Number of protein chains: 2
Amino acid sequence: MIENEIFRALADPTRRAIFEKLATGGMNASTLREGMEISQPAMSQHLSVLRGAGLVREERQGRFVNYQVDPEGLALIAQWLAIYRAYWPARMEALKVLLKDMDQ
Amino acid sequence: MIENEIFRALADPTRRAIFEKLATGGMNASTLREGMEISQPAMSQHLSVLRGAGLVREERQGRFVNYQVDPEGLALIAQWLAIYRAYWPARMEALKVLLKDMDQ
DNA sequence: AAATCACATAAGCGCATGCTTATCTGTCTC
DNA sequence: GAGACAGATAAGCATGCGCTTATGTGATTT
């Protein structure tokens, strides 16, 4: 069950930070590590978890590995969330705007 | 940081099951426990975590405590997710429908 | 007020998780 | 091919987490 791996992956703040940084644009593990106080093995392990959850894709480029956000994982969260749309407050302007954007 | 508590709360499959059951309608802890193989203290602890994450509200009713989904937590996930809308695949029909609904 | 019921809290335990250091694999450069 | 570099994997360790049993608290019933 991948849904479980997604939520578990995002439960760790360091992993969310990595994912969020990656969302600004694809980059390799070393670049990703810049500015973050995290060891190389730790980064590698986190990326592995994110990859297993379908939140991140990897692509070998010579001796670098380029990582980027994988839409699949995000889509699964969105679907999970959509089930509970009845509970979202009507005043959620940000989401409304989002939906308008998508509807075009 | 509550965002962290939300993701952590949802990372546990038992807790997601409780939340999902609660989404079908508010009920007290004992009713919630029916059909789920979970001890009374475990249920109480899970509900406490969900409450701390803003995913669930509680309301004393005599010697029962009625629990129900709290939209606040869901809204925060939705907002977090919305940041990454650029990555959502265009073919996400379910979400499109959802947005249309909300836009009315 | 005594017993019962719904639920919360406390304490302890086993296992998962995230980190560390050390080492391995694969690719590039010279 | 030897060294350097990017990254993965292994092993060990400390902490966190979810469970259990036991007990506490507040409300209801008789």
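Below, read A as the first sequence line, B as the second, and so on, with proteins coming before strands; counting in each chain starts at 1. These figures come from a predicted structure and were not determined experimentally.
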Nucleotide [N], atom [atom2] - distance to [atom1] of [X] in whole Å:
{"X": "B:Leu50", "N": "C:dA8", "atom1": "CG", "atom2": "P", "result": "12 Å"}
{"X": "A:Glu5", "N": "C:dA16", "atom1": "CD", "atom2": "P", "result": "15 Å"}
{"X": "B:Arg33", "N": "D:dT20", "atom1": "CZ", "atom2": "C1'", "result": "13 Å"}
{"X": "A:Asn28", "N": "C:dT27", "atom1": "CG", "atom2": "P", "result": "16 Å"}
{"X": "A:Leu32", "N": "D:dA8", "atom1": "CG", "atom2": "P", "result": "11 Å"}
{"X": "A:Met36", "N": "C:dG18", "atom1": "CE", "atom2": "C1'", "result": "14 Å"}
{"X": "B:Glu59", "N": "D:dG26", "atom1": "CD", "atom2": "P", "result": "19 Å"}
{"X": "B:Leu47", "N": "C:dC7", "atom1": "CG", "atom2": "C1'", "result": "10 Å"}

Calculate, to the nearest 0.5 Å, the distance between atoms [atom1] and [atom2] belonging to [X] and [Y] respectively.
{"X": "B:Leu22", "Y": "B:Leu47", "atom1": "CG", "atom2": "CG", "result": "7.0 Å"}
{"X": "A:Leu74", "Y": "A:Leu81", "atom1": "CG", "atom2": "CG", "result": "11.5 Å"}
{"X": "A:Glu58", "Y": "A:Arg51", "atom1": "CD", "atom2": "CZ", "result": "4.0 Å"}
{"X": "B:Thr14", "Y": "B:Gln45", "atom1": "OG1", "atom2": "CD", "result": "12.0 Å"}

Of the options [options], whose atoms approach the side-chain atoms of [X] most closely?
{"X": "A:Ser30", "options": "C:dT20, D:dG7, C:dA8", "value": "D:dG7"}
{"X": "B:Glu58", "options": "D:dG7, C:dA8, C:dC19", "value": "C:dA8"}
{"X": "B:Phe64", "options": "C:dA10, C:dC7, D:dA8", "value": "C:dC7"}
{"X": "B:Ala29", "options": "D:dC19, C:dA22, C:dC7", "value": "C:dC7"}
{"X": "A:Gln40", "options": "C:dT9, C:dC7, D:dG7", "value": "D:dG7"}

Could you say whether A:Ala11 or A:Gly62 is positioned toward the 5' end of DNA chain C, judged by the nucleotide with the nearest heavy atom to each? A:Ala11
DNA chain C: B:Val65 or A:Gln61, which has the more 5' nearest nucleotide?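 On the 5' side of the pair lies B:Val65.
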Would you tell me if any nitrogen or oxygen in the side chain of [X] comes within less than 4.0 Å of OP1 or OP2 on [N]?
{"X": "B:Thr14", "N": "D:dC19", "answer": "yes"}
{"X": "A:Tyr67", "N": "D:dA8", "answer": "yes"}
{"X": "B:Arg63", "N": "C:dC7", "answer": "no"}
{"X": "A:Arg15", "N": "C:dG18", "answer": "yes"}
{"X": "A:Arg60", "N": "C:dT27", "answer": "no"}
{"X": "A:Ser39", "N": "C:dT20", "answer": "yes"}
{"X": "A:His46", "N": "C:dC19", "answer": "yes"}

On a heavy-atom basis, the closest approach of B:Ile6 and B:Ala53 is CG1-O, 3.2 Å
Tell me every residue that passes ring-ring contact (aromatic ring centres under 6.0 Å, His included) with A:Phe7, counting only those two or more places apart in sequence or in another chain.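 For A:Phe7 the ring-ring contact (aromatic ring centres under 6.0 Å, His included) partners, ignoring immediate neighbours, are A:Trp80.
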